[in-house]
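Contents: one structure, followed by commentary.
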Amino acid sequence: MMQAKDKFFVAIDVGTIDEAKRLMDSLVDLVTHVKVGLQLATRSSWGEAVAAAHERGFRVFCDTKFKDIPNTMEQASFALTQHKPEFFTVMSDNSQAALEAVRRGVDKAAEGLKLVEKPKIIGVAMLTSISPEEGREIYGGNLQEKALQFAGNAADAGLEALVCSPEEIGLFRSQPKLNDVIIVTPGVRPAWAAAHDQQRFATPAEAIKKGADMLVIGRPITQPPSEIGSTQEAIKRIIGEIEEVL
Ligand code: C5P
């Protein structure tokens, strides 16, 4: 059984590698997983970001959100796997051929590197920032139906994990095809934290109870409210809340 401290990624949403290293330093011994994203990797690089995380003993999730033609998807996934992240994302609103190319890129790289643990590919079925109206405009259909379709395509292509908002966990979990998929859920807010720009959120305990395997939590930890006081205290409380439902 996983421990509560292994159930969430802390989002390292900063602009430079030096800031990222400082933030990661403050998390050593408190958490085990971090997530790095486009802002940091565009300024620095995926390789540097992964190395900074691994040097500090963290498992790392690269939120790459790849979306391109199959050949580029395969080559980019092959290239990213050279850095040996534990997880990375691709947009799953893409062709089946492109999603299968990602699987191939990782598998080939892992074989070449003789990796014991391959990076887990996380499909982003639908960006949670997209409203039902925008979804209809972009995809020409019901947002949740489209999210389910893209999630199913990801599972068919052999991707191990999916990102979804707390609201969709139940829907995803009810699909036999998605039974074994790892569900990663951002939009998590403890009762004591500010919502910031998250519209649809759940507490850590609610998200785990609904069936999320892993959570992504950023600002409640990196910018805790003054009554909580410190990142350390915020993490302690979140771990306590998760422990109650494990
Ligand atoms: O600070 P906060 O907890 O809102 O950070 C959530 C993290 O999860 C951010 O890095 C954000 O980009 C990411 N994320 C999200 N919603 C998604 C996908 C990723 O909030 N649908």
Side-chain angles (χ1 to χ4, degrees), residues 7-16 19-20 23-24 26-27 31 33-44 46 49-50 53 58-67 85 87-93 120-132 134-135 138-139 143-144 146-148 150-151 154 159 161-169 171-172 181-208 210 212-225 228 231 234-235 237-239 241-242:
K7 297 290 277 183
F8 60 96
F9 297 94
V10 179
I12 308 294
D13 289 328
V14 293
T16 67
E19 284 174 90
L23 179 51
M24 287 184 201
S26 73
L27 300 170
V31 305
H33 291 67
V34 295
K35 179 180 90 83
V36 291
L38 288 173
Q39 182 193 5
L40 176 64
T42 302
R43 181 84 177 264
S44 171
W46 293 115
V50 171
F58 299 118
R59 290 164 65 77
V60 59
F61 163 0
C62 291
D63 203 356
T64 41
K65 294 201 173 75
F66 289 150
K67 184 174 178 184
F87 303 82
F88 72 100
T89 45
V90 301
M91 298 305 300
S92 65
D93 58 335
K120 289 191 174 51
I121 311 164
I122 308 174
V124 180
M126 180 72 67
L127 292 171
T128 47
S129 55
I130 293 179
S131 69
E134 288 169 329
I138 300 167
Y139 300 110
L143 193 69
Q144 290 205 319
K146 288 288 164 189
L148 264 187
F150 301 145
L159 275 49
L162 286 166
V163 174
C164 76
S165 77
E167 278 185 5
E168 285 149 3
I169 302 171
L171 181 68
F172 279 29
V181 165
I182 298 167
I183 292 188
V184 180
T185 302
V188 175
R189 288 291 178 269
W192 44 261
H196 302 284
D197 49 357
Q198 297 286 5
Q199 304 285 340
R200 291 163 291 158
F201 48 87
T203 67
E206 283 164 357
I208 298 279
K210 284 181 180 197
D213 297 296
M214 295 287 300
L215 313 176
V216 177
I217 311 177
R219 287 161 293 177
I221 289 175
T222 57
Q223 298 167 34
I228 298 296
T231 286
I235 291 170
R237 288 187 184 219
I238 288 169
I239 289 176
E241 291 173 32
I242 296 175

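Whatever order the structure lists them in is the order used to number ligands and atoms, beginning at 1. Atom set for the values below is all heavy atoms of this structure, side chains included, hydrogens, waters and symmetry mates excluded. A quick note: this is a predicted structure, and the numbers were derived from the prediction, not measured.
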Exam field: side chain Thr64 to backbone Thr89, donor-acceptor pair closer than 3.5 Å: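 Yes, Thr64 side chain to Thr89 backbone: donor-acceptor pair under 3.5 Å.
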Any donor-acceptor N/O pair, Ser92 side chain to Phe150 backbone, under 3.5 Å: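 At least one qualifying donor-acceptor pair exists.
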Any N or O of Arg219 closer than 3.5 Å to N or O of ligand 1: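 Between Arg219 and ligand 1, an N or O pair is found under 3.5 Å apart.
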Within-cut-off N or O pair, Gly218 and ligand 1, under 3.5 Å: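 Yes; the residue has a nitrogen or oxygen that sits under 3.5 Å from a nitrogen or oxygen of the ligand.
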Pair Lys67 + Asp93, salt bridge at N-O below 4.0 Å: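 Judged by the 4.0 Å cut-off on N to carboxylate O distance, Lys67 and Asp93 do form a salt bridge.
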At their closest point, which heavy atom of [X] faces which heavy atom of [Y], and how far apart are they?
X	Y	value
Ala234	Pro224	CB-CB, 4.1 Å
Cys164	Glu168	CB-OE1, 3.6 Å
Ala195	Arg189	O-NE, 3.3 Å

Plane angle bin for Phe87 and Phe61 - parallel if under 30°, tilted between 30 and 60°, otherwise perpendicular: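 Phe61 vs Phe87 ring planes: tilted.
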For [X], take its heavy atoms, then give the atoms of ligand 1 lying under 4.0 Å from any of them.
X	answer
Val216	7 (C), 8 (O)
Asp13	9 (C), 10 (O)
Thr128	16 (N), 17 (C), 21 (N)
Pro220	3 (O)
Arg189	1 (O), 2 (P), 3 (O), 4 (O)

Considering non-hydrogen atoms of the protein only, which is the closest contact for [atom], and what is the distance?
atom	result
atom 12 (O) of ligand 1	Lys35 NZ, 4.1 Å
atom 19 (C) of ligand 1	Pro186 CG, 4.0 Å
atom 20 (O) of ligand 1	Gln198 NE2, 2.9 Å

Test item, Gln223 contacting ligand 1 (heavy atom, 4.0 angstrom):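 Contact absent.
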Min heavy-atom dist Ser165 to ligand 1 below 4.0 Å: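 False for this residue.
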Other residues, nucleotides, ligands: >12 heavy atoms within 6.0 Å of Arg43 CZ: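 No.
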